[in-house]
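Report on the following structure.
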Amino acid sequence: MDALLNYFNIRKTELKPAAIGPRSNKVVNLELRSDAILWLEEDDPELNFYFKLIQSITDILKRDLFLPIRQTETQMAYYTKDQFYDRHRDRHFHSGHRWVTAVYYLNQNWSKGHGGELVIYKDLEPNAPVIIEPISNRLVLFLSELEHEVKVTNVTRKSFTTWFRDDIK
Ligand code: OGA
Ligand code: NI
C-alpha cells in the first residue's frame with residue numbers, strides 16, 4: 001500500500017541496527033542479523049489503517065483459534081544489499097510471549113533473483129521448507145515458534161513486522 005511505503009520512507013532515517021534476544025538483554029549480532037529496525041507506536045494516527053488490520057487479526061486469533069493474545073508489538077525492518085537474518089525462532093519453544101508473527105512487505109519491484117525470501121522450516125517436514133517471496137502488499141502469518149530465516153537480499157527490502165503476544169505492556 002502506497003501510504004505505508006511513504007510512511008516507511010519518511011521514517012527511514014530513524015532506523016537503528018537490529019538487536020536480538022529478550023527485552024532485558026539485547027545485543028547487536030551482525031553474524032546473525034544485519035538489518036535495521038524501528039519500533040512503532042500503535043496509536044500513531046498515520047498507521048491507523050494498519051493497526052485496524054492488526055486488531056481484526058487479533059480478534060480472529062482469539063475468537064477462532066483460541067489463542068491468548070493480549071497485545072501486539074510492531075517494528076519496521078530495512079535490509080540493504082547483502083543483509084539477512086539467519087535461521088531463528090521468534091519465540092523459544094514453550095517459553096516466551098510471542099505466539100504469532102505477521103510480516104507485511106513493501107517491495108514493489110521485487111523479482112526472482114533479488115533474494116531476501118522468507119524461509120519457514122516446518123517441524124514435521126524439515127526437508128520441505130516454505131519459501132515466501134517478499135513482494136509488495138503480501139502479509140504472511142506464521143507461528144512464532146517455527147524456525148525461519150531471511151535469505152541474503154540483493155536489493156533493499158522493506159517490511160512491517162508485528163508480533164501477537166500473550167502478556168501485557
Ligand atoms: C523477524 C523475521 C521475517 C521477514 O523479524 O524476526 O524473521 O520476512 N522477519 O522479514
Ligand atoms: Ni523472525
Side-chain angles (χ1 to χ4, degrees), residues 1 4-5 7-9 11-12 14-42 47 50-51 53-54 57 61 67 69 71-123 126 128-167:
M1 216 186 293
L4 277 182
L5 185 58
Y7 181 93
F8 192 106
N9 289 337
R11 299 207 66 189
K12 212 152 66 99
E14 298 170 63
L15 292 158
K16 300 264 157 53
I20 53 170
R23 277 176 177 173
S24 54
N25 183 25
K26 291 261 179 234
V27 287
V28 173
N29 179 345
L30 293 177
E31 278 164 33
L32 185 67
R33 171 173 201 185
S34 50
D35 60 319
I37 61 121
L38 177 67
W39 287 104
L40 299 175
E41 297 299 329
E42 305 207 327
L47 292 175
Y50 178 78
F51 287 115
L53 170 69
I54 293 302
I57 295 170
L61 295 176
L67 299 186
I69 309 301
Q71 67 164 325
T72 57
E73 57 184 352
T74 297
Q75 63 181 212
M76 314 182 343
Y78 185 54
Y79 294 70
T80 54
K81 185 173 161 35
D82 297 330
Q83 295 188 328
F84 61 92
Y85 193 165
D86 216 347
R87 189 166 167 160
H88 67 282
R89 298 179 201 270
D90 293 349
R91 168 201 176 125
H92 291 279
F93 232 53
H94 304 311
S95 70
H97 294 286
R98 289 170 169 174
W99 282 73
V100 173
T101 304
V103 193
Y104 179 76
Y105 300 107
L106 302 167
N107 308 302
Q108 282 175 332
N109 298 312
W110 192 91
S111 64
K112 286 213 186 319
H114 283 176
E117 295 91 348
L118 168 66
V119 180
I120 301 174
Y121 298 90
K122 294 178 284 178
D123 282 343
V130 179
I131 299 172
I132 293 145
E133 299 170 341
I135 61 174
S136 181
N137 205 32
R138 173 170 283 169
L139 178 77
V140 54
L141 291 161
F142 58 92
L143 290 176
S144 302
E145 69 181 29
L146 291 178
E147 285 191 42
H148 57 280
E149 70 180 304
V150 176
K151 291 290 190 192
V152 173
T153 184
N154 302 313
V155 295
T156 59
R157 179 190 197 270
K158 298 174 183 177
S159 59
F160 281 73
T161 311
T162 296
W163 289 277
F164 298 83
R165 302 175 59 104
D166 68 4
D167 55 350

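In listed order, ligands and their atoms are each counted from 1. By convention here, the first residue in the shown sequence is residue 1.
Between the side chains of D90 and H88, at least one donor-acceptor pair of N or O atoms lies under 3.5 Å. If you check the side chains of H114 and N154, you find no donor sitting under 3.5 Å from an acceptor.
When atom types are taken as modelled, the side chain of R33 and the backbone of Y85 share no donor-acceptor pair closer than 3.5 angstrom. Looking at T162, its side chain never comes within 3.5 Å of a backbone N or O of A102 through a donor-acceptor pair.
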Applying side-chain hydrogen bond (donor to acceptor under 3.5 Å, both in side chains), run through Y50 and T74 and close with a yes or a no.
-> CA-CA 10 Å; Y50 178 78; T74 297; 4.9 Å; no
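Remark: of the listed residues D86, L118, L32, D86 is the sole one forming a side-chain contact (heavy atoms from CB on, under 4.5 Å) with E149.
Taking the six-membered ring where tryptophan is involved, the planes of W163 and W39 are tilted, since the angle between them lies from 30° to 60°.
Protein residues lining ligand 1, listed by chain and number: R33, Y85, H88, D90, V103, Y105, L118, H148, V150, R157, W163 [non-hydrogen atoms, distance under 4.0 Å].
Under 2.8 Å from the Ni ion (ligand 2), one finds the following protein N/O/S atoms: H88 NE2, D90 OD1, H148 NE2.
With sequence neighbours excluded, no residue forms a ring-ring contact (aromatic ring centres under 6.0 Å, His included) with F84. Take T153 and apply the side chain to side chain contact (heavy atoms under 4.5 Å, CB included) test, not counting sequence neighbours, and it matches Y79, V155, R157.
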